[in-house]
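Below, read A as the first sequence line, B as the second, and so on, with proteins coming before strands; counting in each chain starts at 1.
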Amino acid sequence: MPYPEMMVKPMREEVTRLGVEELRSVSDVDVALSASSGTALVFVNSVCGCAAGMARPALAKALAHGVKPARLYSVFAGQDLDATARARSYFGEYQPSSPSVALLKDGKVVAFIHRHQIEGRHPDQVAIALTQAFDAHCA
Amino acid sequence: MSGHVFHPGHDELHGVTVVINGVSGRTYLGRWHERGARGVTMKDVAIHDPVSSPLAVAAWLANQEKFGVAASEKMIIIPNEEAGAIRLFSDAP
């Protein structure tokens, strides 16, 4: 069951203030992700679990890197249910988890950071993993 | 630490992805919820059964590491007598 919007608003804003476009509906997702060329990041935001408190700062650090994806999106798991499910339909064989980060290139997932790869790690460590993926696929 | 989270009143493993070696030989991979008198409650759990799985447990775990936890159970309780060694998935070899 989604949390009250007033409780998650700061979590949304922690991501959107980075220049990430939040996708709130199925049509938002399809418009954003059906374009099959170039690079796109999809951040799966989350309320639940300490991992979310690491993932958002990690994303902020990673997006300060010189090389980054051309398009930046987020969906909010547990809140915007339909949009999140639709976004996950673009992730192929990668299993759903939240928070998580998918990097797509030409419509295919080329890197994925799962929740279990965020848990217990410092945001700097997660940011390094993200920037390594950016360097490998977005340069 | 920046970030807003809800994590009220649970033990330190709550919400963390762990691997539990079952005494039966099964391996359980999922998010720790709590441990109680009945056993360990886990959520979104994938289970490796050495009898039925085509993959050895190490290969199975490697696959889960790359593609994420392919949960077959939304929630299970592993009886305390079944729950053996417990480790963080992020620490798994």
TODO: Go through the steps for A:H116 and B:E65 under the test side chain to side chain donor-acceptor pair (under 3.5 Å), then give the verdict.
DONE: CA-CA 8 Å; A:H116 72 262; B:E65 165 68 15; 2.9 Å; yes
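With a 4.5 angstrom heavy-atom cutoff, A:Y94 touches chain B via backbone and side-chain atoms both. At a 4.5 Å heavy-atom cutoff, the contact between A:E93 and chain B is made by backbone and side-chain atoms alike.
Hydrophobic cluster membership differs between A:L33 and A:V20, with clusters built from Ile, Leu, Val, Met, Phe, Trp and Tyr side chains linked at under 4.5 angstrom. A:I118 and A:V15 fall within a single hydrophobic cluster, where Ile, Leu, Val, Met, Phe, Trp and Tyr side chains are chained together by heavy-atom contacts under 4.5 Å. A continuous path of Ile, Leu, Val, Met, Phe, Trp and Tyr side chains, each step under 4.5 Å between heavy atoms, connects A:I113 with A:L41, placing both in one hydrophobic cluster. With hydrophobic clusters built from ILVMFWY side chains whose heavy atoms lie under 4.5 angstrom apart, A:V44 does not share a cluster with A:M54. One hydrophobic cluster holds both B:V16 and B:M42 under the rule that ILVMFWY side chains link at heavy-atom gaps under 4.5 Å.
Taken to the nearest 0.5 Å, the CD atom of A:Q117 stands 8.0 Å off from the CZ atom of B:F89.
Residues forming a side chain to side chain contact (heavy atoms under 4.5 Å, CB included) with B:A70 (at least two apart in sequence, or on another chain): A:Q95, B:Q64. Take A:E5 and apply the side chain to side chain donor-acceptor pair (under 3.5 Å) test, not counting sequence neighbours, and it matches A:R12.
For residues 53-63 of chain B, the side chain to side chain donor-acceptor pair (under 3.5 Å) pairs, not counting sequence neighbours, are B:H48-B:S53.
Using a 4.5 Å heavy-atom cut-off against chain B, no residue of residues 59-88 of chain A qualifies as contacting.
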